[in-house]
Amino acid sequence: MGLEIVNDVRTDYVCDLVKNGKREDGRGFREYRDISVERDVIKRAEGSARVKIGDTEVLVGVKVELGTPFPDTPDKGVIITNTELVPLASPKFESGPPNENSIQLARVVDRGIRGSETIDLDKLCIEKGEKVWMVFIDIHVLDDNGNLVDAAALGAIASLLNLRIPNERYGLTGENTLPMRDTPVAVTTVEIEGNILVDPSFDEGNAAASSVTVISNADGTLSGMQKSGSGGLKEAQIAEMVEIGIEKAGEIRKKYL
Amino acid sequence: MGLEIVNDVRTDYVCDLVKNGKREDGRGFREYRDISVERDVIKRAEGSARVKIGDTEVLVGVKVELGTPFPDTPDKGVIITNTELVPLASPKFESGPPNENSIQLARVVDRGIRGSETIDLDKLCIEKGEKVWMVFIDIHVLDDNGNLVDAAALGAIASLLNLRIPNERYGLTGENTLPMRDTPVAVTTVEIEGNILVDPSFDEGNAAASSVTVISNADGTLSGMQKSGSGGLKEAQIAEMVEIGIEKAGEIRKKYL
Amino acid sequence: MGLEIVNDVRTDYVCDLVKNGKREDGRGFREYRDISVERDVIKRAEGSARVKIGDTEVLVGVKVELGTPFPDTPDKGVIITNTELVPLASPKFESGPPNENSIQLARVVDRGIRGSETIDLDKLCIEKGEKVWMVFIDIHVLDDNGNLVDAAALGAIASLLNLRIPNERYGLTGENTLPMRDTPVAVTTVEIEGNILVDPSFDEGNAAASSVTVISNADGTLSGMQKSGSGGLKEAQIAEMVEIGIEKAGEIRKKYL
Amino acid sequence: MKEEIELIKDGKRLDGRGFDELRPIKIEVGVLKRADGSCYFELGDNKVIAAVYGPREMHPRHAQDAKMAVVKFRYNMAPFSTNDRKRPGPDRRSVEISKVCREAFNPVIMRELYPKMGIEVYVELLQSDAGTRTAGINAASIALADAGIPMKDLVSSIAVGKINGEVVLDLNAAEDNNGEADMPIAMIARTNTITALQMDGRMTQEEFGRGMKLARGACHQIYELQRAALVTRYNQNYEGKNKREEE
Amino acid sequence: MKEEIELIKDGKRLDGRGFDELRPIKIEVGVLKRADGSCYFELGDNKVIAAVYGPREMHPRHAQDAKMAVVKFRYNMAPFSTNDRKRPGPDRRSVEISKVCREAFNPVIMRELYPKMGIEVYVELLQSDAGTRTAGINAASIALADAGIPMKDLVSSIAVGKINGEVVLDLNAAEDNNGEADMPIAMIARTNTITALQMDGRMTQEEFGRGMKLARGACHQIYELQRAALVTRYNQNYEGKNKREEE
Amino acid sequence: MKEEIELIKDGKRLDGRGFDELRPIKIEVGVLKRADGSCYFELGDNKVIAAVYGPREMHPRHAQDAKMAVVKFRYNMAPFSTNDRKRPGPDRRSVEISKVCREAFNPVIMRELYPKMGIEVYVELLQSDAGTRTAGINAASIALADAGIPMKDLVSSIAVGKINGEVVLDLNAAEDNNGEADMPIAMIARTNTITALQMDGRMTQEEFGRGMKLARGACHQIYELQRAALVTRYNQNYEGKNKREEE
């Protein structure tokens with residue numbers, strides 16, 4: 001109960017600021033917090049990246065293992081994206097199987113990578129119907145201070161971009177790198193009091209009625225979208241969010257990928 | 001709490017009626033509600049039937065897929081009967097894994113089909129120890145207004161009676177129909193105030209101390225029985241229930257199968 | 001609540017006794033309750049033993065089945081130790097998946113057997129990478145009156161000592177006995193009011209701040225240890241516990257194995 | 001890259017539809033006796049039933065909201081609704097869809113009228129052919145109204161997508177499996193307010209805009225069908241009631 | 001159709017029993033210290049222990065019944081009780097059996113004496129050889145009495161079945177696996193009131209009637225054995241108590 | 001028997017360490033914003049983060065202790081922390097380790113100050129190389145202090161083991177996998193009080209004694225590093241506060 005009142009107060013505070021054209025941390029509405037991307041941080045993973053957006057911190061590790069393909073795609077490798085919202089990262093997260101928020105997070109990141117066809121799944125096939133590479137993208141959230149999805153998506157693509165295929169470990173030969181065909185970047189905006197803000201902080205995420213994640217590719221095409229939250233949006237607002245999404249993705253791609 | 005009082009009142013009402021030789025809906029003690037059986041209602045299923053008994057509605061879909069046999073029966077196909085008491089169907093059902101009621105329902109239906117040896121499991125074997133047909137009988141309850149088990153069992157046998165084996169889908173040739181050896185029909189009676197009533201309505205099911213499901217075959221032999229509920233029954237009562245069960249099964253078989 | 005007060009009272013009672021050099025049942029601090037080991041009590045198991053330590057009763061059954069080895073040990077058999085703290089055995093046990101207590105119990109017993117290399121896992125391999133014997137050690141607690149771990153470990157080694165490999169059942173030939181290389185015995189001591197007591201009763205187990213299980217072999221070497229409980233122990237206390245552990249294990253081994 | 005499969009021939013889709021054409025829709029209201037409100041909805045080969053229970057006491061208590069009703073939404077596929085049998089119980093896909101659908105109704109349900117209560121919406125997919133979540137939302141919208149849950153307006157839903165380079169309305173399974181993009185949308189048709197939006201696949205910003213326009217038009221059509229079905233149902237009830245009173 | 005396996009030879013069953021003969025029964029009462037009541041029961045090669053806890057406070061609270069005690073019954077097979085190791089934990093079979101067994105006791109336990117309380121019955125199958133649920137009910141009946149739970153009467157249980165065309169009593173595993181039908185029954189022997197009944201396989205109405213008669217006779221025998229075991233136990237307790245008082 | 005692999009050469013271990021030498025340790029305090037206290041800890045190639053939340057209200061209520069705070073400890077390996085991907089979620093190993101670690105802190109946390117409350121400790125293994133639980137305990141100890149949880153003292157932890165017949169300190173993965181024994185220990189270094197102890201493998205009583213001595217020395221070293229890290233953190237906070245006040 002006590003906590004909910006605090007939430008209400010913070011929401012009111014954030015909304016008041018936005019009405020006056022301001023944000024908690026002094027940013028402009030279309031401004032991201034500081035971003036940092038550190039790669040190859042986990043020795044045991046075939047690819048990894050630690051991404052910070054402001055105080056939000058996400059660690060993505062990619063493991064590549066041999067497995068059997070799905071029966072309906074015998075000549076394609078497998079990508080599995082998984083998120084753990086471990087209780088270390090937020091007083092709101094709880095131990096237990098993935099809930100709808102962590103499932104949505106994983107699925108949106110996955111959708112961006114699939115939609116952009118970044119990874120050529122055919123190249124992950126070793127023996128049709130028998131042996132393919134399984135690529136496990138594990139998103140480990142360390143500190144949730146808002147906008148997890150952009151950090152997770154950025155960590156995923158950064159990890160994939162210098163993936164090492166562990167041929168040696170399985171006694172195989174072949175290319176150890178995987179040519180990437182695209183670099184999808186997710187940009188999340190929220191609607192608060194009729195305004196569109198990019199990269200919501202934790203409190204802004206709570207205060208917003210709606211949020212939209214737009215994932216776009218190097219050529220500016222869209223490769224995934226997801227509206228979330230309990231509010232409605234006008235077409236023009238969504239168009240603006242798409243516009244911002246493509247623009248900001250370009251900036252992030254240039255700077256960090 | 002409130003709900004429980006309502007239940008008590010309805011139980012008293014049903015019992016009073018029965019004492020006076022009457023039922024809520026004016027039926028005789030040995031009278032079924034209207035039955036309807038609609039077949040092949042689901043395109044994606046290899047067999048299906050929608051059964052209504054009064055306002056009770058059950059949808060049964062049968063899927064046939066290739067799988068590996070159980071180690072102890074390498075030359076036999078597999079039948080798996082499963083019930084979902086989805087919360088759509090009743091204010092009393094809850095989401096989650098099958099509880100004892102849905103498990104009992106599935107197992108009683110399964111028992112009838114197995115006991116009557118309706119399906120020749122040997123004919124479901126394609127390659128001994130390697131490949132057999134798996135027959136999944138899924139009972140999806142849509143509207144629970146009493147006597148689910150008779151509706152489910154009727155839906156199951158109706159679905160099986162015109163099952164199509166999907167040989168083509170798996171690149172196999174062979175007969176697409178499966179000769180059925182029997183037509184087990186389940187008939188449920190309840191004991192209320194010393195009287196035996198067939199096809200209990202929802203309130204009658206709640207009011208009854210005991211209920212007995214009798215499954216019988218075309219030749220009048222029994223192929224499954226299950227007593228349920230917290231009351232005791234005299235031998236003579238059970239004998240009467242068996243008598244009614246066989247008789248009513250004959251009528252239903254003639255009319256709907 | 002009521003129960004907790006009872007627990008507190010019993011704990012105080014046990015502690016007062018110990019301060020005066022006494023135990024509930026009149027034993028000396030280094031004295032076990034009566035032990036009995038009955039072997040081959042379960043026909044369906046390849047090895048079994050019913051162990052009683054005072055009123056504590058544990059039934060261990062070992063099943064041996066064919067299976068595939070783990071990928072990283074293709075030429076070794078598999079041992080799986082599992083404990084069920086079934087609610088029959090104690091008012092404190094609840095139905096459901098293994099909790100931390102039952103997992104710890106199984107893992108400590110397992111550790112003793114593995115640490116002593118009692119079973120030559122190489123001899124459980126039938127066909128490298130394909131077929132090995134899986135040895136399931138199932139610990140079924142029947143009556144929890146304290147010190148389950150010593151009873152469980154004794155039951156496990158007693159069951160293993162006359163294990164029959166079921167070659168015939170799988171159409172195999174070969175030795176039906178498995179040469180055992182050692183006889184690890186677990187001895188648990190607890191610390192109460194600065195004193196070290198062996199073989200804690202139920203109330204002593206609750207009253208103790210710490211308990212230590214020491215598993216040792218025929219030659220007096222250690223093959224497993226586990227401290228449990230919320231207290232701290234001095235080095236000298238642990239040394240004493242190890243000393244007692246090795247001594248008592250020798251006595252038990254001589255008498256019951 | 002997917003090999004291109006011919007999904008459009010002579011300006012028509014394989015099932016004969018034009019680019020902006022909906023599949024046939026069939027609606028029945030009040031089909032279940034136990035539920036407080038219900039609706040059977042067909043969209044092409046999709047067959048879905050929605051049921052609504054509530055507002056009723058919410059369990060467990062700690063899941064209650066002191067200020068407004070909590071809406072539960074469960075999207076579930078029957079095991080036999082798909083080509084390969086679907087294992088019973090929720091999977092990651094259905095958990096996500098349930099969330100998106102629930103949020104699609106939050107802007108319209110007057111939740112503040114029922115603090116501490118629960119409103120439960122259950123959608124069962126009996127037969128699926130792509131676009132199942134849009135069919136589910138359309139059905140749920142009617143079932144909510146049938147249950148008498150106060151709503152500011154109905155929610156209507158449809159998907160648009162891209163096949164063989166063309167932006168088209170309401171993909172069927174063949175189109176969805178072999179197409180380039182799929183974008184399910186839910187909206188309050190009368191105010192053009194979008195309450196759900198997802199996109200999968202690859203499309204340009206311009207195609208996205210065209211898709212939105214197509215979806216808007218279709219949602220208006222669906223809204224009219226939903227309204228008509230509810231009016232029919234209301235009249236039936238009214239007549240039924242009058243009849244009973246006359247007797 | 002099952003190939004017929006010879007289970008009857010010269011009018012006797014393979015284990016030498018006549019058609020209406022029970023397997024050997026062994027009963028020990030009060031075998032567990034922690035439980036409020038307990039019983040070890042052997043029926044041929046079946047070895048089962050039952051324990052009873054309660055009446056005691058019921059958790060969680062919402063599972064309480066304001067008018068009477070709630071009976072919990074858990075039938076569980078030890079992993080090593082079967083030829084192939086049984087995976088620990090409840091499966092569909094044991095869930096169903098637990099329900100049937102619980103209901104078998106509802107007519108006799110005076111639940112109305114303990115509103116809001118729970119009475120818990122745990123049955124562990126240590127070694128199985130067909131007829132396990134009947135052995136479990138017999139054991140539980142004694143354990144309930146040993147725990148002092150007020151009951152109107154004991155419940156006794158046995159199965160009848162059909163092998164090689166004959167109706168026989170108390171099938172063992174070989175007979176159950178190769179027979180035509182199996183019908184476990186529980187009854188209050190003194191009043192011939194049936195409290196549990198299941199049937200599997202195929203039998204005629206006439207065979208069913210004969211089976212009922214066989215079961216009735218056997219339940220009366222079992223009832224006497226149950227009573228005798230409880231009397232012995234009572235005398236032990238009484239003697240023990242007297243002894244202690246003399247000391 | 002394991003084939004012996006050469007792990008010691010010319011009196012040195014393969015990574016160049018002496019028998020009584022720790023792997024390099026790196027500590028950062030207060031690395032997470034959301035947690036009440038946190039610590040990043042490296043022990044050789046182990047990378048671990050610990051976070052502490054609380055004391056805060058404990059859910060569910062029936063898990064509360066009326067007399068003191070309940071400590072929850074969750075040891076968890078990230079899926080990518082190991083050579084073979086670890087399936088997410090707790091397994092038997094992590095459940096046992098969580099229990100042992102929780103108990104390692106019970107003697108020092110002043111739980112009686114916070115009746116009915118919960119203190120939650122979360123340890124995430126990001127990269128593992130044997131000795132993960134000791135790294136986790138060391139990290140948790142600092143995170144608890146960083147969260148301001150009243151403790152009688154810090155807990156320090158290290159493993160000793162036996163490789164090629166020698167008792168050595170702080171096994172790495174190669175040594176652990178091919179060694180003869182491993183013994184993780186936690187202690188209150190200042191009072192030489194052992195709060196956690198496990199042993200795996202095979203060692204003599206004399207070797208056990210030597211191992212204890214080695215562990216004791218190492219825990220004293222670690223204790224000093226933990227203290228130093230906390231002092232640095234405190235000074236930072238203090239300076240930061242002063243700076244802000246000056247502005």
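Proteins get letters first, then strands, A, B, ... in listed order; numbering begins at 1 in each. Everything numeric in this text was worked out from a predicted model, so none of it was measured.
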Under a 4.5 Å cutoff for heavy-atom pairs, which residue among [options] has the most contacts with chain D?
{"options": "A:Gly220, A:Gly245, A:Ser228, A:Pro98", "answer": "A:Ser228"}
{"options": "A:Lys234, A:Met225, A:Gln104, A:Arg114", "answer": "A:Met225"}
{"options": "A:Pro184, A:Ser223, A:Gly231, A:Gly229", "answer": "A:Gly229"}

**Request:** Calculate, to the nearest 0.5 Å, the distance between atoms OG and CE belonging to A:Ser211 and A:Met241 respectively.
**Result:**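 Spacing of OG (A:Ser211) from CE (A:Met241) equals 7.0 Å.
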
**Message:** Nearest 0.5 Å, please: how far is CG in A:Asp199 from OG1 in A:Thr188?
**Reply:** 8.5 Å

Between [options], which shows the greatest number of heavy-atom pairs under 4.5 Å with chain A?
{"options": "D:Arg102, D:Arg92, D:Met199, D:Met187", "result": "D:Met199"}
{"options": "D:Asp84, D:Ile194, D:Val95, D:Thr193", "result": "D:Ile194"}
{"options": "D:Ala181, D:Pro90, D:Ala104, D:Gly201", "result": "D:Gly201"}

**Item:** For A:Arg30, the option from A:Glu240, A:Glu243, A:Glu251 that meets salt bridge (Lys or Arg N to Asp or Glu O under 4.0 Å)
**Value:**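 Testing each of A:Glu240, A:Glu243, A:Glu251 against A:Arg30, the sole residue satisfying salt bridge (Lys or Arg N to Asp or Glu O under 4.0 Å) is A:Glu240.
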
**Request:** Please determine which of D:Glu175, D:Glu6, D:Glu21 meets the salt bridge (Lys or Arg N to Asp or Glu O under 4.0 Å) test together with D:Arg13.
**Result:**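 Result for salt bridge (Lys or Arg N to Asp or Glu O under 4.0 Å) with D:Arg13: D:Glu175.
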
Name the region of [X], side chain, backbone, both or neither, that has any atom closer than 4.5 Å to a heavy atom of chain D.
{"X": "A:Ser216", "value": "neither"}
{"X": "A:Ile246", "value": "side chain"}
{"X": "A:Asp72", "value": "neither"}

**Item:** Portion of D:Ser98 that has a non-hydrogen atom of chain A nearer than 4.5 angstrom
**Value:** neither

**Asked** For D:Arg216, is it the side chain, the backbone, both or neither that has a heavy atom under 4.5 Å from a heavy atom of chain A?
**Response** side chain

**Prompt:** Which heavy atom in D:Ile137 sits nearest to a heavy atom in D:Cys101, and how many Å separate them?
**Reply:**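 What the structure gives for the nearest pair is CG1-SG, 3.6 Å.
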
**Asked** Among A:Ile137, A:Asp182, A:Val135, A:Ile215, which residue meets the side-chain contact (heavy atoms from CB on, under 4.5 Å) test with A:Ile113?
**Response** A:Ile137

**Asked** Are the side chains of A:Tyr32 and A:Val198 in touch, meaning some heavy atoms are under 4.5 Å apart?
**Response** yes

**Request:** Check whether any side-chain heavy atom of D:Ile188 lies under 4.5 Å from a side-chain heavy atom of D:Lys152, and answer yes or no.
**Result:** no

